[in-house]
Amino acid sequence: MATIGLIRHGITDWNELGKAQGVSDISLNDLGRIQAKKLGQRLSQDEEWDMLITSNLLRAVETARIIGNIIDRPISSIDDRIREINCGMIEGTTEEERINKWGRNWRNLELGIENFENVAIRGLDFLEDIVRLYKNKRVLAVSHGALIGLTLQRLLPEEFQTTYIENTSLTIVRKIKDHWQCQLYNCTIHLK
């Protein structure tokens, strides 16, 4: 059994502006760095974590480095499978800008956005590999809101019909025998 802590990266300027980030390589802002430090301090007081894996996007790597420095764990690997959904033509736009450009039904248009099912499959493939490769380990994975949410919806569809993942939230999943469980969901108690 592996325990996997899924972490959404700290906040960015684009998050605060309501812009779709997708695979655009945006760095954390000052608040995002503070959030990552607070989560690192929380994790340093929990049970020990064995490994730290991150998406290849800067905001996730920065978050992982800050946490890793506090919990004394280097980044073990960078995994493209847990990068954010590719938002195609909507990257860098706000909801208002999308409505102005493509109309209220922009979600029904072909704008190059990565298929949700493919995102969920990437996330699930990552989780299954962690369980297979790192039995009885506690693994932190710094990723992104849509990737974590869509993966949870695929992993436990009865429990997660919809999801919303906060910046630097911690979600803990584990696979016991052949069944996945969500032990903690979208927890941001460290930000209070």
Side-chain angles (χ1 to χ4, degrees), residues 1-85 119 122-123 126-127 130-131 134 137-153 155-156 159-160 163-175 180-192:
M1 172 188 73
T3 299
I4 304 163
L6 299 169
I7 296 169
R8 183 181 178 197
H9 61 81
I11 203 163
T12 69
D13 287 341
W14 279 23
N15 287 137
E16 290 185 330
L17 294 169
K19 291 184 176 190
Q21 289 179 113
V23 295
S24 296
D25 219 6
I26 308 302
S27 64
L28 298 179
N29 63 18
D30 289 340
L31 177 57
R33 291 181 192 94
I34 291 167
Q35 291 175 328
K37 284 179 189 168
K38 288 181 176 182
L39 179 54
Q41 290 162 351
R42 171 189 176 176
L43 292 169
S44 72
Q45 297 167 11
D46 285 347
E47 294 178 56
E48 201 160 301
W49 292 90
D50 299 303
M51 298 179 68
L52 181 59
I53 299 171
T54 183
S55 148
N56 65 329
L57 296 174
L58 181 59
R59 57 195 184 270
V61 173
E62 278 187 279
T63 302
R65 280 193 185 124
I66 292 167
I67 291 168
N69 287 338
I70 295 169
I71 67 169
D72 198 27
R73 286 284 174 267
I75 294 172
S76 303
S77 65
I78 294 175
D79 197 312
D80 292 357
R81 291 176 296 177
I82 58 172
R83 73 187 294 160
E84 185 58 294
I85 185 172
V119 176
R122 278 197 284 119
F126 170 80
L127 293 180
I130 295 300
V131 168
Y134 306 111
K137 297 287 185 189
R138 294 173 53 79
V139 179
L140 291 172
V142 182
S143 185
H144 305 269
L147 182 285
I148 295 169
L150 292 167
T151 301
L152 288 173
Q153 290 173 31
L155 196 66
L156 297 163
E159 194 172 338
F160 295 108
T163 52
Y164 182 77
I165 309 298
E166 299 281 347
N167 289 99
T168 67
S169 67
L170 177 64
T171 297
I172 298 177
V173 295
R174 33 174 35 162
K175 190 174 187 181
W180 283 98
Q181 297 176 344
C182 184
Q183 182 181 338
L184 185 69
Y185 170 68
N186 193 37
C187 184
T188 57
I189 197 165
H190 50 279
L191 299 180
K192 307 247 185 286

Salt bridge (charged side-chain N to carboxylate O under 4.0 Å, His left out) partners of residues 9-29, not counting sequence neighbours, each pair once: none
Closest heavy-atom pair and its distance - Arg59, Gly22: NH2-O, 2.6 Å
Pair listing, salt bridge (charged side-chain N to carboxylate O under 4.0 Å, His left out) test, anchored in residues 64-80, at least two apart: Glu48-Arg73, Asp79-Arg81
Set of residues satisfying side-chain contact (heavy atoms from CB on, under 4.5 Å) with respect to Val23, sequence neighbours excluded: Arg83, Asn86, Glu91
Straight-line distance of Gln35 CD to Asn167 CG, nearest 0.5 Å: 5.5 Å
For Ala64 against Val142, the heavy-atom pair lying closest together: CB-CG2, 3.8 Å
Side-chain donor-acceptor pair present, Thr163, Gln153, cut-off under 3.5 Å: yes
Nearest-0.5 Å distance that lies between atom CG in Leu6 and atom OG1 in Thr171: 6.0 Å
Residues in side-chain contact (heavy atoms from CB on, under 4.5 Å) contact with Glu166, at least two apart in sequence or another chain: Tyr164, Ser169, Asn186, Thr188
Polar side-chain atom of Ser24 near backbone of Ile26 as donor-acceptor pair, under 3.5 Å: no
Over 12 foreign heavy atoms within 6.0 Å of CD1, Ile189: no
Residue of the set Leu43, Val139, Ile75 for which side-chain contact (heavy atoms from CB on, under 4.5 Å) holds with Leu52: Ile75
Test item: Gln183 and Arg174 side chains (from C-beta on) under 4.5 Å apart, heavy atoms: yes
Spacing of CG belonging to Leu140 relative to CG belonging to Leu170, to within rounding of 0.5 Å: 7.5 Å
Closest approach of Ser55 to Ser143 (non-hydrogen atoms, all atoms of both residues): CB-CA, 4.5 Å
Closest heavy-atom pair and its distance - Thr63, Ala36: CG2-CB, 4.0 Å
Phe126 side chain near Leu147 side chain, heavy-atom distance below 4.5 Å: no
Pairs flagged by salt bridge (charged side-chain N to carboxylate O under 4.0 Å, His left out) wherever residues 26-40 is involved - sequence neighbours left out: Asp30-Arg33, Arg33-Glu62
Shortest non-hydrogen contact between Val61 and Thr54, atoms and distance: N-OG1, 3.5 Å
Distance in Å, Ile34 CD1 paired with Leu191 CG, rounded so as to fall on 0.5 Å steps: 10.5 Å
Atom pair CD1 (Ile85) and NE2 (His144), whose distance is rounded to the nearest 0.5 Å: 12.0 Å
Closest non-hydrogen atom pair between Ile148 and Arg8, with its separation: CD1-N, 3.8 Å
All salt bridge (Lys or Arg N to Asp or Glu O under 4.0 Å) counterparts of Arg42, not counting sequence neighbours: none
Close side-chain approach of Gln21 and Glu84, heavy atoms under 4.5 Å: no
From CD1 (Ile4) to NZ (Lys137), nearest 0.5 Å: 14.0 Å
